[in-house]
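First up is the structure itself, then whatever we jot down about it.
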There are 2 protein chains.
Amino acid sequence: MSTASDEKAGPVTGPTAGRPARGRPARYTKDGLLELVVKVFNERGYEAASMEDLAKASGFTKSTFYHHVSGKEELLRMAVDRALDALSAALDDTMAHRDQPVEQLETAIRRTTEVLLAELPYVTLLLRVRGNTTIEKDALARRRAIDARLAALVAAAVDAGQIRGDIDPRLVSRLLFGMVNSVTEWYRPGSRSTSQSAIVNATVNLAMEGLGARRAPESAR
Amino acid sequence: MSTASDEKAGPVTGPTAGRPARGRPARYTKDGLLELVVKVFNERGYEAASMEDLAKASGFTKSTFYHHVSGKEELLRMAVDRALDALSAALDDTMAHRDQPVEQLETAIRRTTEVLLAELPYVTLLLRVRGNTTIEKDALARRRAIDARLAALVAAAVDAGQIRGDIDPRLVSRLLFGMVNSVTEWYRPGSRSTSQSAIVNATVNLAMEGLGARRAPESAR
DNA sequence: GTCTATATGTTGATAGAC
DNA sequence: GTCTATCAACATATAGAC
């Protein structure tokens, strides 16, 4: 549960085979069970998803389900931590290369979008967290830290004169990564009409160049 | 409750004065009460907000509150309809002017952002609807219709050769209006640091021109 | 119009037999 | 490890006294 990609082992990722037989109904890896739980969280909403929903989706009874997991909040924590770890790692990696600020910014947009697509259910859940419990507030704090690093990247590129400086860098950062994050609202894996690489390239290109319209000199209104 | 802006009458928009007195505790216009309800929905989440929460926030007991409103779902319907009516009206207005496609698109981005800021709580609630009940499914259907009209505006501008055509128009539309909608995630009214007009201009300018970086000719990866 | 009291169902979580 | 049975708390919603 510590990092994003460590599978426990073996070929088992879902129910062992077909029907959950009685007596020995289903078997999951930790990650396999988490994946299923997050799917239900995203479909029904975290609050609205009951432990009975989760148990039924896994093929366990509610009580057996409790034997495998510690509680609803802990499931949420594992899920959002996975998203936050992946996003942080991508950003660490981006800033490890001492490129030009504008190149770092472009890489950050690209890598963030890639992580979002690779860890879609976990990031989706993370972005819907609104922060009542301690776990949610911790997740929001980690998110804010990431947002601050992204905003700093924008500011650095402005200071270097490599991108436009007529908009507040924090506002630019919010809008740009708001665009990136909005992908969770509609993308569904396996969509034949829109490949992941097309989404990544579109996000980067729209961020850097916009619609590319020739515009009349704008002023008031 | 039919349209977005019709106040019932009079100066009353919140509790009449100070403490809700016993026997005649509070008085709201329909819109005033809805505004308060939507505030609680957005703070706690629609599902998580109980009718008792809403009643307490209004100064009524739960039972009295039920005397004024018909139920939780109907409150949701009124709120999301208000957002949808406002967005539809802005789009109707935009397309009524027979400007160039690229101008219509720019106006749509501007007007949509303005509506989002003017009706922030209602649009925020609308954007969080995930669709289990009939009311939610109806709201999502109306949203999809609006999204389709926006995507058509993008496609028309591409066809007219006025904006870039190297990205699927539907993808462009999703990303651009995903950026616009992301404003609900962070904007709080009364923010002195970021005026509404600054947000609107930033949204339009970023959409049209992007970061304005001079980029190396891109290809692979 | 507002209240107290309650009907009816669901929630997250546990106890204990097998 | 899985089950049945059960818990206290809380949900939406209503009935009826005042």
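Just so we're on the same page: letters track the sequence lines, and every chain starts at 1. All values reported here derive from a predicted model rather than from experimental measurement. All values below were derived from every heavy atom in this structure, side-chain atoms included, with hydrogens, water molecules and symmetry-related copies excluded.
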- Task: Give the rounded distance in Å between these two atoms: CD of Glu52(A) and C1' of dG9(C).
- Result: 13 Å
- Task: Scan for salt bridge (Lys or Arg N to Asp or Glu O under 4.0 Å) pairs involving residues 172-189 of chain B, sequence neighbours excluded, and state none if there are none.
- Result: Arg130(A)-Glu185(B)
- Task: Take atom CZ of Phe65(B) and atom P of dT14(D), then tell me their distance rounded to the nearest Å.
- Result: 14 Å
- From the candidates dT12(D), dT2(C), dG12(C), the one with an atom nearest any side-chain atom of His68(B) is dT2(C)
- Salt-bridge contact Glu52(A)-Lys56(A) (side-chain N to carboxylate O under 4.0 Å): yes
- Task: Give the rounded distance in Å between these two atoms: NE2 of His67(B) and P of dC3(C).
- Result: 12 Å
- Ser195(A) and Ser197(A): side-chain donor and acceptor closer than 3.5 Å? yes
- Task: Would you mind reading off the distance between Asp53(B) atom CG and dA11(D) atom P, rounded to a whole angstrom?
- Result: 7 Å
- Task: Could you tell me the separation between the CE atom of Met51(B) and the P atom of dA7(C), rounded to a whole number of Å?
- Result: 21 Å
- Item | Ion pair check, Asp31(A) and Arg82(A), cut-off under 4.0 Å | yes
Please produce a list of atom pairs where a protein N or O lies less than 3.5 Å from an N or O of nucleotides 15-18 of chain D.
residue, atom, partner, partner atom, Å
dA15(D), N6, Ser63(B), OG, 2.6

- Considering only heavy side-chain atoms of Phe60(B), the closest of dT12(D), dG12(C), dT2(C) is dT2(C)
- Message: Counting only side-chain nitrogens and oxygens, does Thr64(A) get under 4.0 Å of the OP1 or OP2 atom of dC3(D)?
- Response: yes
- Glu43(B) and Lys39(B) ion-paired at < 4.0 Å: yes
- Query: What's the CG-P distance between Leu54(A) and dT11(C), to the nearest Å?
  - Reply: 11 Å
- Item | Phosphate contact (dC3(D) OP1 or OP2) by Thr61(A) side-chain N/O below 4.0 Å | yes
- Could you pick out which residue, Lys62(B) or Glu73(A), lies toward the 5' side of DNA chain C when each is mapped onto its nearest nucleotide? Lys62(B)
- Check the distance between dT10(C)'s C1' and Glu47(A)'s CD and give it to me in whole angstrom. 15 Å
- Options dT11(C), dT12(D), dA13(C), nucleotide nearest the side-chain atoms of Tyr66(A): dA13(C)
- Query: So what does Ala49(B) touch, heavy atoms closer than 4.0 Å: a base, only the sugar-phosphate, or nothing?
  - Reply: sugar-phosphate
- Message: Of the options dT2(D), dC3(C), dA13(D), whose atoms approach the side-chain atoms of Lys72(B) most closely?
- Response: dA13(D)
- Task: Output every pair passing salt bridge (Lys or Arg N to Asp or Glu O under 4.0 Å) with a member in residues 140-154 of chain A, not counting sequence neighbours, ordered by first then second residue.
- Result: Asp81(A)-Arg142(A), Asp85(A)-Arg142(A), Asp92(A)-Arg149(A)
- Find out whether Arg128(B) and Asn42(B) are in side-chain contact, i.e. whether some heavy atom of one side chain is under 4.5 Å from a heavy atom of the other. yes
- Message: What is the distance, to the nearest angstrom, from the CG atom on Leu75(A) to the P atom on dA13(C)?
- Response: 9 Å
